[in-house]
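The block underneath contains the structure these notes are about, expressed in structure tokens.
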Amino acid sequence: MDKMSLAALLFPNVTDAPEELEVRFPQRNAPEGAVITRMAPSPTGFVHLGNLVQGLVSERMAHQSGGVLFLRVEDTDAKREVAGAVEVLIETLKHYGIHFDEGATIDGDSGNYGPYRQRQRKDIYHVYAKKLVEEGFAYPCFCTEEELAQMRQVQEARKVNFGYYGEYAIWRDRSLEEIQAALEKDMPWVLRFRSTGSIANKFKYQDLVKGELTITENDIDQVLLKSDGIPTYHFAHAVDDHLMRTTHVVRGDEWLPSLPFHIQLFKALGFKLPKYVHIGPLMKMDGASKRKLSKRKDPELALTYYKAEGFPVSAVYEYIMTLLNSNYEDWRKANPTEDSNSFKFSPKKLNPAGSLFDYAKLCDVSKNEIARMSALQVYEEVLAYAKEFDSQFANALEADPAYAQAILAIGRGGKKPRKDIATWKEVKPYMGFFYDAFFAQLDPWPERFDKATIAAALEQFKRVYDENDDAVLWFEKVKAVTESMGFTSNMKAYKADPTAWPGSVADVSTFIRIAVTGKVNSPDLYTVMQLLGKERVLARLNCTIAALQR
Ligand code: GLU
């Protein structure tokens with residue numbers, strides 16, 4: 001077979017030579033050990049936690065080593081593409097602080113190794129496709145869907161492996177004339193790789209996350225170009241990662257079964273194989289067993305979920321770091337205010353089997369993260385969230401920023417800051433009672449007490465309440481009310497024998513707390529009342545007493 005003629009026949013329009021592309025996309029001028037890597041998502045419109053995990057691993061590896069992170073849009077599957085998906089992808093990753101040094105941008109490309117959208121690189125792939133044909137590594141296959149389906153049935157009946165290989169690779173050794181005749185009939189064709197591998201052969205491969213793997217050679221003549229001339233992922237990634245001078249490929253381990261083929265392909269193309277970092281899936285506990293997070297079952301897989309719930313970006317980031325590197329949490333404890341970029345991230349610490357996503361743990365990390373923020377920071381973040389998801393609350397916050405910040409300052413700072421907020425969504429239920437528009441009695445009165453008793457205690461407190469009292473005097477007055485009700489202020493004695501008194505100072509505090517906040521739990525009651533101010537406190541006490549007496 002005259003391979004040069006075949007190549008010319010298949011790719012009459014390719015005039016560039018690979019050597020020219022090698023010159024056009026030169027080796028990068030990167031420092032020794034610098035990681036050049038990329039995110040290469042497909043624009044399906046759904047950005048998930050797995051994308052963020054992969055993004056963070058790539059970002060850390062690149063930037064920690066003084067390397068480059070770029071964004072390549074893998075849009076070869078036009079059927080799966082959703083309008084606007086690239087924008088969503090870029091915006092979402094930006095929101096989570098993934099900074100690309102080059103690559104696809106909303107309105108084009110930035111960088112010298114583009115285009116960074118695969119559909120715009122068709123000509124480049126064809127240069128290498130032609131070269132593979134010239135060297136005997138690739139050939140056209142004119143099989144129809146029906147023929148392939150039939151072949152599958154035969155393989156099933158014979159109980160042999162599925163796929164286009166060996167005797168089933170029926171176009172592998174056709175003559176130039178046969179191919180020419182098929183082309184003249186305008187029969188659609190795909191370009192296939194001519195595999196020389198055998199499943200009888202195994203070899204070792206070192207993956208940066210999975211460690212040493214024993215790999216079986218690939219014997220399938222995989223498709224390189226589809227019938228529309230668009231490459232498959234396999235071929236496109238080989239050409240792109242070579243020409244974009246990628247040193248490390250960070251990707252999901254669903255690509256591991258294709259690795260033997262990729263290794264073969266890089267070799268046939270004469271490319272240096274990049275290092276692979278195959279990340280395990282995100283799992284969650286479902287009852288007693290683990291399973292992969294699923295798009296259908298788990299809303300928490302979508303990144304939009306975290307925004308709508310109001311998790312601070314920094315909390316999601318912190319949580320993913322704890323998920324990926326087990327020593328991150330201890331590092332954070334020892335360095336609470338340090339920039340996370342100074343943590344030494346290592347892909348080797350990733351769990352090869354995948355990470356276990358734990359929602360409760362995320363909330364915990366988020367509470368700590370929010371507890372570390374200043375009242376002003378919290379105010380700004382909550383306001384931004386409310387503007388998007390709750391305009392009524394946003395208006396209230398904006399009407400008096402000093403009041404809102406003073407509320408958010410309660411219990412903040414110091415050695416043991418309060419940790420009651422995990423998401424911005426929780427802020428309104430937490431502090432809404434400070435605003436008359438959102439105030440309501442959310443918790444019921446303790447059942448042990450009749451309404452008359454509660455009303456009497458509140459009435460007495462109302463008479464002695466003075467907004468100018470300090471915290472000590474304020475509490476003395478609460479105790480005085482307690483005693484006058486025949487309750488006790490001695491909590492120790494009460495706990496030892498709760499039957500000796502009808503109630504305690506804790507119960508009286510609860511009455512006041514429910515009356516002024518509507519809830520049994522709130523930040524420090526004295527501080528709350530100081531902030532609410534005399535007028536609001538008295539109005540609420542009066543209103544509550546009247547309701548109890550009705
Ligand atoms: N487009 C592929 C995917 O979304 C990229 C895999 C890779 O990073 O090489 O799975």
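Here the structure is a predicted model, which means the values were calculated and not measured. Order of appearance sets the numbers: ligands from 1, and atoms from 1 within every ligand. Below, each value reflects all heavy atoms present in this structure, side chains not excepted, and no hydrogens, waters or symmetry copies.
- The protein heavy atom nearest to atom 9 (O) of ligand 1 is Tyr233 OH, 2.4 Å.
- For ligand 1, the atoms sitting less than 4.0 Å from at least one non-hydrogen atom of Ser42 are 1 (N), 4 (O), numbered in the order shown with element in parentheses.
- Among all heavy-atom pairs drawn from Pro281 and Ala353, the shortest one is CD-O, 3.8 Å.
- With hydrogens left out, the protein atom closest to atom 8 (O) of ligand 1 is Arg38 NH1, 2.8 Å, a heavy atom.
- Looking at ligand 1, you'll find an N or O of Glu74 within less than 3.5 Å of one of its N or O atoms.
- A donor-acceptor contact shorter than 3.5 Å is absent between the side chain of Gln54 and the backbone of Ile279.
- Using the six-membered ring where Trp is involved, Tyr128 and Phe271 have ring planes that are perpendicular, over 60° apart on the 30 and 60° scheme.
- Not a single heavy atom of Gly252 sits less than 4.0 Å from an atom of ligand 1.
- Ligand 1 does not have Met39 within reach: every non-hydrogen atom of the residue lies 4.0 Å or more from it.
- Near Arg251, meaning under 4.0 Å from one of its heavy atoms, ligand 1 places the atoms 7 (C), 8 (O), 9 (O).
- When hydrogens are left out, the protein atom nearest atom 5 (C) of ligand 1 is Ala40 O, 3.1 Å; that is the closest non-hydrogen contact.
- Under the 30°/60° scheme for interplanar angles, the aromatic rings of His234 and His262 are found to be tilted.
- Ring pair Tyr306/Phe311 is tilted by interplanar angle, where 30° to 60° counts as tilted.
- Remark: Arg28 engages Glu102 in a salt bridge, criterion side-chain N to carboxylate O under 4.0 Å.
- Taking the six-membered ring where tryptophan is involved, the planes of Phe142 and Trp189 are tilted, since the angle between them lies from 30° to 60°.
- Among protein heavy atoms, the minimum distance from atom 10 (O) of ligand 1 is reached at Trp255 NE1, 3.1 Å.
- Checking only distances, Pro41 never comes within under 3.5 Å of ligand 1, N or O to N or O.
- For Phe266 and His242, the distance between ring centers is not under 6.0 angstrom.
- Polar contact check, Glu254 against ligand 1: no nitrogen or oxygen pair lies under 3.5 Å apart.
- When heavy-atom distances to ligand 1 are checked against a 4.0 Å cut-off, His237 has no atom that comes that close, whether in backbone or side chain.
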